[in-house]
Amino acid sequence: MKQASVTMEVGSDGVAVITFSNPPVNALALTVFDGFKEKFSEAMRRDDVKAIVVTGNGGRFSGGFDINVFEMVHKTGDISILPDASVDIFTNMIEDGKKPTVAAIEGLALGGGLELALVCHARIAAPRTQLGLPELTLGVLPGSGGTQRLPRLIGLPKALEIMLLSKPITSEEGKKLGLIDAVVPSDELLKVSRQWALDIAGRRKPWLRSLHRTDKLGSLPEVHDIINTARQQAKQTAKNMPQHQACLDVIEEGIIHGGYHGLLKESKVFKELVSTDTSKGLVHAFFAQRATTKVANVSDIGLKPRSIKKVAVIGGGLMGSGIATALILSDIYVILKEINSEYLLKGIKAIEDFAEFSDVDMVIEAVIENISLKQQIFADIEKACPPHSYERFHFDASFFPAHVMPLLEIIRTEKTSPQVILDLMTVGKTIKKVPVVVGNCTGIDQLICNFGLPLGPFQLQDLAGYGVAVATTKEFSMSFPERTFESPLVKLLIKNGRNGKSNGKGYYIYEKGSKPKPDPSVLPVVEESRRLTNIMPGGKPISVTDEEIVDMVLFPVVNEACRVLDDGVVVRASDLDIASVLGMSFPSYRKTSIEKFVCCGSGGIIFWADTIGANRVYRSLQKWSEVYGNFFRPSRFLEERATRGIPLSAPASTSSGARPRL
Ligand SMILES: C[C@H](O)CC(=O)SCCNC(=O)CCNC(=O)[C@H](O)C(C)(C)COP(=O)(O)OP(=O)(O)OC[C@H]1O[C@@H](n2cnc3c(N)ncnc32)[C@H](O)[C@@H]1OP(=O)(O)O
């Protein structure tokens with residue numbers, strides 16, 4: 001379990017080193033602020049402390065204010081949970097404090113992390129440290145004095161670039177700009193910072209308060225010009241994003257009326273922005289993007305990614321060269337094999353000369369969609385490459401150009417090992433993509449097909465057309481409002497020009513002559529639907545096993561079947577079994593992992609439910625209904641049968657509570 005803490009160690013030199021720790025990026029959580037305030041007050045009080053150094057644990061200064069708190073504000077609507085760090089802690093306590101403070105920065109200082117460094121009286125950084133104010137990407141603005149202090153330290157044009165484009169700089173660049181006082185090797189960071197702090201205390205180095213500086217701001221007419229130009233640009237590049245214009249207003253206010261005034265306006269506007277729909281959407285996207293790396297049975301089983309240093313890309317067309325570019329830009333050694341176009345056209349089997357492939361860690365195939373050619377290439381690379389190296393990324397044409405587009409689809413088949421998925425996710429992240437692991441036929445569909453149904457729910461919906469889904473949802477929500485879950489997904493799909501198989505675009509892409517392929521460009525629509533329904537616990541997609549997915553799809557069917565029995569719509573449970581086999585194509589036999597294609601007694605929906613036990617179905621539904629709502633609420637019939645240990649298929653007379661049949 002990750003634990004946030006703040007520690008203080010006072011050396012015999014009279015320097016108190018305050019270290020905050022909140023792995024993995026030392027986010028400034030509420031408890032960190034509390035701990036920091038406490039240690040800082042102690043350092044100020046103690047006579048044996050002459051100066052202070054603040055630093056982050058584990059080689060990373062800080063990734064900024066804890067974004068989970070924004071999420072909490074979005075859920076509760078209570079902005080009072082935001083700490084008033086900007087004035088109370090940062091300005092009054094540190095910047096205006098009676099003892100000098102130096103920031104010892106390593107790895108990264110982003111958002112509130114950099115803002116904390118800006119209030120210190122000097123900043124010492126390790127090489128290649130990332131410095132930035134990316135708050136606008138979360139729909140807010142640099143809210144702990146960043147809008148005021150950064151322009152004062154490095155001048156307005158560069159500060160605007162860093163804030164409006166959310167573009168970090170390195171410590172080396174920061175040194176040239178005057179943001180960083182010295183760049184020193186990591187192992188000297190604390191030593192130099194301590195000495196620097198003592199030098200300020202002894203007046204051997206200047207004691208500078210960033211907020212009081214004006215030397216880099218330029219004249220007022222210059223400021224107006226720069227801000228107005230930036231406003232025009234933001235109107236075009238960040239349409240519908242209130243935070244860009246708000247950020248410019250706050251910066252301007254501080255330059256015209258003074259830094260402290262700017263700070264107060266910054267705090268006020270920050271609170272307004274954090275409550276906007278823009279911020280809600282962007283914060284959700286931040287966590288949703290990170291959730292893509294949490295893959296059940298891959299990221300949670302203690303595997304470590306293998307090192308990928310050398311990659312072979314087969315196919316030097318637009319896609320292949322884009323992939324190669326993405327890899328090279330991330331310092332991965334690439335061998336690019338280009339096949340002769342004449343050979344390609346003739347479908348000739350292989351790329352010649354695989355000699356250099358003998359020590360590659362990964363091979364990426366990016367040739368044209370020609371199955372026999374691909375098969376031949378795979379046969380050849382198996383001979384030429386080390387066994388650990390055959391992997392396949394999917395750079396879909398819709399992600400073109402590959403070195404620019406952020407999404408990377410990793411297709412997981414039944415045979416792909418968790419280690420391979422993890423390696424691919426890691427390389428994906430290294431080349432600055434958002435890797436999304438998908439099943440070979442969208443996960444749920446594949447699992448339901450494996451269970452024995454002919455189509456999964458998504459492909460079935462594509463095939464039936466979305467009109468059916470809209471009409472049945474309407475009908476159900478009118479008749480059974482208490483248990484119908486109205487997902488906005490289908491309507492969103494239609495709004496996005498998807499009608500399923502009828503127009504070739506649904507959850508899958510349908511092209512003449514080829515099998516339906518899962519369409520990754522549907523993911524943003526799914527994401528939007530998730531955002532609107534807002535039912536994910538903690539706002540994050542849940543992680544479930546394959547078995548649970550099947551249960552979550554089929555147990556509600558059992559539940560509905562129980563209602564049908566309870567209402568006397570059908571007389572015998574076996575009638576429902578036959579109806580499910582003939583009408584739903586529910587498998588009459590089941591393929592099990594132990595014995596292939598053995599009749600293990602599915603026999604129909606109720607028969608199957610009895611073989612796995614009414615109690616298990618009941619308990620699962622009960623658990624899910626508590627977390628996800630009434631859609632899963634077990635029916636009266638199921639509850640009674642499960643708790644009394646009576647099979648669902650037993651005649652009505654066995655169950656004393658069942659309603660009398662008409
Ligand atoms: C008042 C202030 O002005 C307001 C603010 O400071 S707002 C915050 C501003 N800071 C940011 O926007 C930085 C956001 N973070 C990032 O860009 C990246 O996480 C990073 C560059 C710091 C690190 O990247 P990387 O090493 O690839 O790790 P990444 O996978 O993104 O994050 C690791 C974990 O830290 C979490 N994390 C990162 N930054 C966080 C933050 N500021 N708050 C809370 N959690 C954070 C991620 O959610 C992720 O959690 P998980 O492991 O449970 O999924």
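Note that these values count all heavy atoms, side chains included, but never hydrogens, waters or copies made by symmetry. Numbering of ligands and ligand atoms starts at 1, following listing order. In what follows, residues are counted from 1 in the order of the sequence shown.
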Using a 3.5 Å cut-off on N or O atoms only, is [X] in polar contact with ligand 1?
X	value
L108	no
Q130	no
I67	yes
G63	yes

At what distance, to the nearest 0.5 angstrom, does [atom1] of [X] lie from [atom2] of [Y]?
X	Y	atom1	atom2	result
T147	L133	OG1	CG	9.0 Å
E528	T533	CD	OG1	9.5 Å
S166	E161	OG	CD	11.5 Å
W207	T101	CH2	OG1	8.0 Å
L156	L248	CG	CG	8.5 Å

Under 4.0 Å to a heavy atom of [X] - the qualifying atoms of ligand 1, by number:
X	answer
G112	2 (C), 5 (C), 6 (O)
F286	14 (C), 15 (N), 38 (C), 39 (N), 48 (O)
G111	6 (O), 9 (C)
F70	4 (C), 7 (S)
G64	6 (O), 42 (N)
P134	10 (N), 11 (C), 12 (O)
E135	2 (C), 3 (O), 4 (C), 5 (C), 6 (O), 7 (S)
N68	44 (C)

Is it the side chain, the backbone, both or neither of [X] that has a heavy atom closer than 4.0 Å to ligand 1?
X	answer
R60	side chain
P142	backbone
L138	side chain
V25	side chain

Practice problem: Would you check if H244 and T237 make a side-chain contact, meaning some heavy-atom pair closer than 4.5 Å? | Solution: no
Quiz item: Strictly under 4.0 Å, does any heavy atom of S144 approach an atom of ligand 1?
Solution: yes
Ion pair check, [X] and [Y], cut-off under 4.0 Å:
X	Y	answer
D96	R209	yes
K175	E172	no
R231	E252	yes

Quiz prompt | Donor-acceptor contact present, side-chain R60 to main-chain P24, <3.5 Å | solution = yes
Exercise. For Q245 and D249, test the side chains for any donor-to-acceptor distance below 3.5 angstrom and give the result as yes or no.
Key: no
